[in-house]
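Here is the structure we will look at, set down as structure tokens.
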Amino acid sequence: MRKPYVYVTRKLPEETLDALSQAAHIKMWDSEDQAVPRDVLVKEAAEADALLVMLSDKIDEEILSLPFLKVVANVAVGYDNIDLHAAKKHGVTITNTPDVLTDTTADLVFALILASARRIVEAAEYVKSGKWNSWSPLLLAGTDVHHKRIGIVGMGRIGEAVAKRARGFDMEVLYHNRTRKLESEKNLGVIHAEFDELIEKADFVVNLAPLTPETQGMFGRDEFEKMKQSAIFINAGRGASVDETALVEALQNKQIAGAGLDVYEKEPVDSSHVLLSMPNVTALPHIGSSSVETRLAMAALAAANIEAVLEGKHAKTPVI
Ligand code: DGY
């Protein structure tokens with residue numbers, strides 16, 4: 001009998017695929033940092049029973065309608081790169097990697113908050129470039145994080161983990177979500193707010209919402225105008241939830257004080273993007289879940305999902 005064929009779209013450490021390789025023939029795109037070209041992906045997918053993919057791979061109907069494909073395992077908790085409607089239509093299981101990345105991503109969100117508020121990147125560059133000639137009382141003075149008010153838009157598992165960290169900094173935590181989280185309100189002391197109220201009142205507006213038709217462009221000109229002039233906007237959800245032109249204007253016109261960004265409308269973000277030249281923007285290359293431990297755990301979970309489906313079992317963390 002033909003061994004199932006699994007195509008992996010980025011070079012992963014062999015040990016994450018050890019168990020799966022007993023059950024399947026595996027081929028990997030041979031680059032850690034370059035995405036697989038579309039024509040190669042389509043050609044490989046045409047033979048594949050399963051794909052192990054990255055959030056940068058667009059998995060659309062052309063791929064999902066291919067004859068042998070049974071499962072696509074995304075190495076991310078978000079899955080806006082995959083056409084779920086087409087997956088359902090063609091009976092392809094889609095899986096993601098929740099839970100294993102929650103704390104790592106929350107740590108990064110908090111790092112962005114601290115870095116943006118306390119001008120950490122700017123300050124580190126200042127020292128390293130030899131500009132530090134004398135100490136002065138307001139040298140690179142930032143703004144406090146402790147005892148401020150954070151507003152979390154998208155209160156899923158990562159949002160809750162950010163809220164926990166914020167409570168440790170004695171912050172007041174507002175959140176906005178489709179559904180109210182009464183347990184979190186009780187256990188974490190977080191306060192539900194309508195979206196407009198949250199963006200008007202928060203010192204740190206943090207977007208963690210998944211990208212859907214409803215959240216696409218939800219932070220635009222009107223929303224930035226409503227924020228405090230001292231507000232810092234943090235985006236670790238998806239770039240397309242933000243109108244970047246409106247964000248640039250808000251920063252240029254000092255409608256808000258700064259931004260910490262891990263995600264962008266188009267990734268990788270163009271090196272000439274005006275956001276990258278602004279001193280009050282802390283910009284990271286979508287590394288929310290990027291610790292070695294967590295990225296290995298995500299890859300292993302994706303592989304375990306594939307193994308389960310190929311064995312005719314339920315996926316461990318199915319999306320559909
Ligand atoms: C995800 O998994 O969706 C995150 O964006 C990764 O950092």
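Counting starts at 1 for both ligands and their atoms, following the listed order. For clarity, every value in this text was computed on a predicted model and none was experimentally measured.
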Open item on the list: Closer than 4.0 Å to some heavy atom of Gly288 - which atoms of ligand 1 meet that?
Closed with: 7 (O)
Open item on the list: Within ligand 1, which atoms have a heavy atom of Arg295 less than 4.0 Å away?
Closed with: 7 (O)
Open item on the list: Quick test: of every protein heavy atom, which one is nearest to atom 2 (O) of ligand 1, and how far off is it to 0.1 Å?
Closed with: Val77 N, 2.8 Å
TODO: Specify the closest pair of heavy atoms between Trp29 and Gln34, including all atoms of both residues, with the distance to one decimal.
DONE: NE1-O, 2.8 Å
Open item on the list: I'd like to know whether Arg38 forms a salt bridge (charged side-chain N to carboxylate O under 4.0 Å, His left out) with Glu62, so could you lay out the CA-CA distance, the side-chain angles of the two residues, the decisive distance to 0.1 Å, and finally the verdict.
Closed with: CA-CA 11 Å; Arg38 175 77 188 178; Glu62 184 186 10; 2.8 Å; yes
Task: Ala76-ligand 1 polar pair, N/O distance under 3.5 Å - done: no
Task: Heavy-atom pair with the smallest gap, counting every atom of Leu17 and Ala303 - done: CD2-CB, 3.9 Å
Open item on the list: Check contact between Met54 and ligand 1, using heavy atoms of the residue and a distance below 4.0 angstrom.
Closed with: no
TODO: Specify whether Tyr175 and His192 have parallel, tilted or perpendicular ring planes, treating 30° as the upper limit for parallel and 60° as the lower limit for perpendicular.
DONE: perpendicular
Task: Top protein contact for atom 4 (C) of ligand 1, by heavy-atom distance - done: His286 NE2, 3.7 Å
Open item on the list: Is there a polar contact, in the sense of an N or O pair closer than 3.5 Å, between Met298 and ligand 1?
Closed with: no
- [ ] Tell me whether the centres of the aromatic rings in Phe233 and Phe219 are closer together than 6.0 Å.
- [x] yes
- [ ] Give yes or no for whether the N/O distance cutoff of 3.5 Å, strictly under, is met between Arg238 and ligand 1.
- [x] yes
Open item on the list: I'd like to know if Asp83 and Lys89 make a salt bridge, using a cut-off of under 4.0 Å between side-chain N and carboxylate O.
Closed with: no
TODO: Identify the protein heavy atom lying closest to atom 6 (C) of ligand 1, giving its residue, its atom name and the separation to 0.1 Å.
DONE: Ser289 OG, 3.3 Å
Open item on the list: So if I count the atoms of ligand 1 from 1 in the order they appear, which ones are less than 4.0 Å from some heavy atom of Leu101?
Closed with: 2 (O)
TODO: Would you mind telling me if ligand 1 is within reach of the side chain of Asn96, the backbone, both or neither, using heavy atoms under 4.0 Å?
DONE: neither
Open item on the list: Looking only at the side chains, is there a donor atom on one of Arg238 and Thr215 sitting less than 3.5 Å from an acceptor on the other?
Closed with: no
TODO: Would you please indicate yes or no on a ring centroid separation below 6.0 angstrom for Tyr5 and His25?
DONE: yes
